[in-house]
Amino acid sequence: MMLNQTHDPARLSWVDTANDTATDFPLQNLPYGVFRPGPVATPRLGVAIGTSILDLAAAAHVGLLPEIATAACRQSSLNELMALGAPAWSALRARLSELLGADTCPAGPLRARVESCLTPLARAVMLLPAQIGDYTDFYASIFHATNVGTMLRPDSPLLPNYKWVPVGYHGRSSSIVVSGTAVRRPNGQTKPADLPAPVFGPCKNLDYELELAAFVGPGNPPGTAVPVAHAGQNIFGVVLLNDWSARDLQTWEYQPLGPFLAKNFASTISPWVVTLEALAPFRCPAFARPADDPAPLPHLTDAADQKCGGLDLTLEVWLATAAMRAAGTAPVRLTRGNFQTMYWTLAQLLAHHASNGCNLRPGDLLGSGTVSGPAKDSRGCLLELTWRGTEPLTLPNGEVRKFLADGDEVILRGYAERPGARRLGLGECRGLVLPAVTTEVSYNK
Ligand code: MN
């Protein structure tokens, strides 16, 4: 993907807070989200800029946006914009960059019109950015797959298909929630080793998974494939994803058909979709496979994707326990990893998904799988960090965790920074763990 004026790190915005070196949302980012400006207002599209949101419905109303994207920007979800495709996304981004740039929009009547469309981010209620039709979760970190496999099958951690097939499963979209939504500890069946039969009750081994997720753009008609060389243009952008996981339920249920109730009770995403175009300065080569690993099959191989299909994106997990919040202590970082350690690129995941003729649709969400790197402090879930609870974590305040406790808040963060590029971030993906409900009262509350 070519760099253009929207990526120029020297450019500033006339929205002062966008020029703060620590902001996730400088002029070079321009991520899209859906928000309510107040509790009773209707949802509308917005673009984050510093500590403000540019209201796209308002901007469309006063004729500031390119014709090709105006109708899509008046919707209450991003699906229509996602369906337009890369040329329209690029035209809209170029125009937004122009309208919000200090150099391209000097003080005057035009800037005043744009300024009238700004609203404070802090007062907005963020919603899910799209109507997510289908949600698929992959397993694209070989380090995660190897760690988990070692716990389950010490003799053969990686199954024979791993280096050939981007492994995934169909998740559930109904329970995807936006950052800030509290998540209730699930109930379910577990089979304690010392009992003859399974029991039903609150999950005891609740975990998070640090993931990146891609929103599908135009998609593909049923019965067609998406060549890996074109797959990148079929991805609108990315968000952070916490794939909450009930490990004890998972252990009992996962054979033979894979994850089910251990995963589908809740998945949390960050509200701001950072476009692949914004991430262009942070592309890097695909993961370098060890010399004795097989090359991917031809339908998953593309020279350009191998050269720049990776993403140099730092991803972190932070934890704030109830005791930490009560004491006014800042969250503690548990993990720092990087998306460039993933065995499969986003384009390979999408191309594989469509390779059998499965139609993908605008707003479908593709989770990467837990992002774990080779180092211990880059493991993206507690299952790996505590090695299934056998090596508990001791937090700075003395609290100990094997898995999540009620009242724990998990915060995912992501950002990209490189010499010669403006640092930008994905914002945050937060979720607070609530106690399980007793099932007898859960239906008629
Ligand atoms: Mn997952």
Side-chain angles (χ1 to χ4, degrees), residues 132 134-152 157-159 161-162 165-177 179 183 185-186 188 203 205-216 238-255 257-270 311 313 315-317 334-335 337-339 341-346 348-350 352-353 364-373 378-386 388 403-404 410-412 414 426 429-431 433:
I132 301 168
D134 279 297
Y135 160 52
T136 302
D137 197 26
F138 285 93
Y139 198 52
S141 162
I142 195 168
F143 302 104
H144 173 70
T146 302
N147 284 335
V148 173
T150 301
M151 291 175 221
L152 300 175
L158 275 189
L159 292 170
N161 59 4
Y162 189 83
V165 176
V167 172
Y169 67 96
H170 283 122
R172 188 164 181 87
S173 56
S174 70
S175 51
I176 298 178
V177 296
S179 174
V183 167
R185 178 180 297 272
C203 160
N205 296 348
L206 182 62
D207 202 354
Y208 56 79
E209 288 187 344
L210 167 66
E211 302 195 21
L212 193 70
F215 273 106
V216 173
V238 296
V239 290
L240 296 162
L241 165 68
N242 181 348
D243 178 22
W244 302 93
S245 298
R247 299 302 184 193
D248 44 351
L249 278 62
Q250 190 175 359
T251 302
W252 176 234
E253 76 171 8
Y254 86 102
Q255 288 178 315
L257 287 186
F260 185 35
L261 302 188
K263 298 276 193 177
N264 71 2
F265 58 96
S267 312
T268 307
I269 62 172
S270 55
L311 268 179
L313 197 54
L315 300 172
E316 298 175 344
V317 181
L334 301 183
T335 294
N338 193 297
F339 200 72
T341 62
M342 302 300 272
Y343 198 76
W344 299 100
T345 66
L346 291 177
Q348 286 174 318
L349 298 182
L350 189 143
H352 174 65
H353 204 316
D364 283 358
L365 192 67
L366 309 184
S368 64
T370 306
V371 180
S372 291
S378 64
R379 293 176 180 172
C381 61
L382 286 174
L383 177 71
E384 288 172 85
L385 275 178
T386 71
R388 229 177 177 178
F403 290 97
L404 294 170
V410 178
I411 305 149
L412 310 184
L426 297 175
C429 176
R430 286 177 176 261
V433 177

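Atoms within a ligand are numbered from 1 in the order they appear, just like the ligands themselves. Quick caveat, the model's predicted, so the values are computed rather than measured.
- Checking each of L365, L366, V167, D243 against D137 for a side chain to side chain contact (heavy atoms under 4.5 Å, CB included) leaves exactly one that passes, namely D243.
- Looking at D137, its N, O or S atom nearest to the Mn ion (ligand 1) turns out to be OD2.
- Considering just the N/O/S atoms of E211, the one nearest the Mn ion (ligand 1) carries the name OE2.
- Shortest non-hydrogen contact noted between Y254 and T251 is CD2-O, 3.6 Å.
- Looking at E209, its N, O or S atom nearest to the Mn ion (ligand 1) turns out to be OE1.
- Among the heteroatoms counted here (N, O or S) of D243, OD2 is the one nearest to the Mn ion (ligand 1).
- Across every non-hydrogen atom of V183 and T268, the tightest pair is CG2-OG1, 4.0 Å.
- Aromatic ring pairs are classed by plane angle as parallel below 30°, tilted from 30° to 60° and perpendicular above 60°; the pair H353 and F138 is perpendicular.
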